[in-house]
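Have a look at the structure below before the remarks.
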Amino acid sequence: MAVILSLQGCMAVGKTTAVQYVKERRPDIFLSREDNGTVISEVHRRGLIKNCYEDYLEIQRLWLNHEVERWKAVKEHKLVLMDFGAEEIEFYTLNYPKSIGENWDIEGPLCRELEAVRRCMPDRILFLDADEETLKARKEGDKSRSREFFDFHREYLLPLKREWFLKRSDTDVLRVDTMDRETMGKAVLKWADAAANKI
C-alpha cells in the first residue's frame, strides 16, 4: 500500500517548483500532478457555469469522481507525492460557494461523492505558506502561467484554506517566504522522508 503525501498552499507559493525539485533528485518518489484537462473539457462541452448552483454541483461531481480515479491510479506505488490531492477537491467543493457569498447545500446532493473522496485522503499534507508580498512577487515572476484566478484565490479562498488546513491533525506547515528553490526543495524532501518513515 502506498504512502501518499500531498503539497498544499496558495497559487504561486512554490508547489510546482518543489515538485520539480523532487522529480530531479528522487526517482523513487512517484509524482502525481494535478490533472485538469479532461474535467475542464467536459465542463466547457456541457456549458456548465460554476456560479450557478445546479451547474456547480455537476462540476464538482466531475471533479470528485476524477480525484477518486486519480487516487486509484497512484496507490500501487510505494511513495507518492501529489501536487494537490483529494484534500484539495474536498476543500474547494465545500468552500468555493462561501467565497462568493453563497450558502448552498453541498453535503446533501454530493454526499456519496464526498464520502468516496474522503476515503482517498493523503497520509500527510504539507501546507506551503507565505505572506501576501511573497505570493504576489512569485506570481509576477512566473510568466509561464496567466493565473487569472490568483487575486480572487488570494483574497477570498486563501483565508478559508488556511483556516481549513491549519486545524487538521494531518497537516504540517512550511513557511517559504525566505526560501529559494534549493532550500525549499530540500525542506520538502526532508519532510517527505520523515513523513513516510512515520507511517
Side-chain angles (χ1 to χ4, degrees), residues 4-16 19 31-75 80-122 125 127-128 132 135-136 138-140 142-168 170-171:
I4 298 179
L5 308 174
S6 182
L7 292 184
Q8 260 299 335
C10 182
M11 286 181 172
V13 77
K15 295 182 304 299
T16 302
V19 166
L31 300 174
S32 177
R33 291 199 168 114
E34 191 181 28
D35 174 19
N36 301 339
T38 56
V39 174
I40 290 172
S41 294
E42 182 64 10
V43 168
H44 287 295
R45 187 188 71 77
R46 293 170 58 182
L48 299 172
I49 301 167
K50 69 180 176 181
N51 289 356
C52 168
Y53 175 58
E54 292 78 11
D55 284 8
Y56 183 74
L57 293 176
E58 286 303 308
I59 291 168
Q60 293 315 114
R61 187 170 284 115
L62 290 169
W63 280 114
L64 290 159
N65 291 334
H66 178 74
E67 193 59 41
V68 170
E69 293 306 311
R70 181 182 176 212
W71 180 83
K72 288 178 182 175
V74 302
K75 65 179 187 159
V80 178
L81 180 62
M82 297 187 125
D83 178 1
F84 286 153
E87 80 289 348
E88 173 68 12
I89 198 63
E90 180 194 28
F91 163 77
Y92 187 91
T93 299
L94 297 174
N95 286 279
Y96 177 73
K98 297 175 189 174
S99 76
I100 60 169
E102 297 290 354
N103 188 27
W104 292 337
D105 175 19
I106 302 298
E107 288 274 5
L110 295 179
C111 63
R112 284 185 306 175
E113 291 85 358
L114 283 164
E115 284 175 14
V117 93
R118 286 170 180 150
R119 291 192 291 269
C120 303
M121 289 294 153
I125 299 163
F127 191 94
L128 304 181
E132 288 201 14
L135 295 172
K136 286 179 187 175
R138 290 186 179 180
K139 182 234 179 196
E140 294 302 319
D142 183 3
K143 303 301 182 190
S144 66
R145 302 189 214 180
S146 66
R147 299 191 198 267
E148 295 168 4
F149 195 52
F150 175 83
D151 290 329
F152 180 90
H153 186 278
R154 182 183 48 78
E155 185 172 350
Y156 297 104
L157 275 170
L158 185 56
L160 295 170
K161 184 177 251 200
R162 278 193 179 115
E163 180 183 358
W164 177 275
F165 283 103
L166 299 189
K167 69 182 180 185
R168 290 176 64 123
D170 61 354
T171 301

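One-based numbering along the sequence shown.
Rounding to the nearest 0.5 Å gives a distance of 7.5 Å between CD of E87 and OG1 of T171. One finds the CD1 atom of I59 at 8.5 Å from the CD1 atom of I49 (value rounded to the nearest 0.5 Å). A distance of 6.5 Å separates CD1 of I89 from CH2 of W63, quoted to the nearest 0.5 Å. Within the model, atoms CG of L7 and CG of L81 stand 4.5 Å from one another, a figure rounded to the nearest 0.5 Å. Considering CD of Q60 and CD of E67, their distance stands at 11.5 Å, rounded to 0.5 Å. Atoms NE2 and OG, on H153 and S99 in that order, are 9.5 Å from each other to the nearest 0.5 Å.
Between the side chain of K15 and the backbone N or O of Q8 there is no donor-acceptor pair closer than 3.5 Å. Of the possible polar contacts, none joining the Y156 side chain to the Y96 backbone as a donor-acceptor pair under 3.5 Å is found. Judged by distance alone, with hydrogens and angles left aside, the side-chain atoms of R168 form no donor-acceptor pair with the main-chain N or O of I125 at under 3.5 Å.
Within a 6.0 Å radius of CG in L166, more than 12 heavy atoms belonging to other residues, nucleotides or ligands are found. Surrounding CG of N51 are more than 12 heavy atoms belonging to other residues, nucleotides or ligands, all under 6.0 Å away.
Within the 4.5 Å cutoff, no side-chain heavy atoms of V80 are placed close to those of W71. No side-chain heavy atom of M82 sits under 4.5 Å from any side-chain heavy atom of E88. No side-chain heavy atom of L62 sits less than 4.5 Å from a side-chain heavy atom of E58.
Taking each heavy atom of F127 and K161 in turn, the nearest pair found is CE1-CG, 3.8 Å. F150 and C10 get closest at one heavy-atom pair: CE1-SG, 4.4 Å.
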Side-chain atoms of residues 34-43: list all donor-acceptor pairs with protein atoms under 3.5 Å, sequence neighbours left out, distances to 0.1 Å.
residue	atom	partner	partner atom	Å
S41	OG	G37	O	3.0
E42	OE1	R45	NE	3.0
E42	OE2	R45	NH2	2.8

Side-chain donor-acceptor contacts of residues 108-122 below 3.5 Å, not counting sequence neighbours, with atom names and distances?
residue	atom	partner	partner atom	Å
E113	OE2	R61	NE	2.9
R118	NE	E90	OE2	2.6
R118	NH2	E90	OE2	3.3
R118	NH2	E107	OE2	2.9

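Residues satisfying the ring pair (Phe, Tyr, Trp, His ring centres under 6.0 Å) test with W164, not counting sequence neighbours, are F91.
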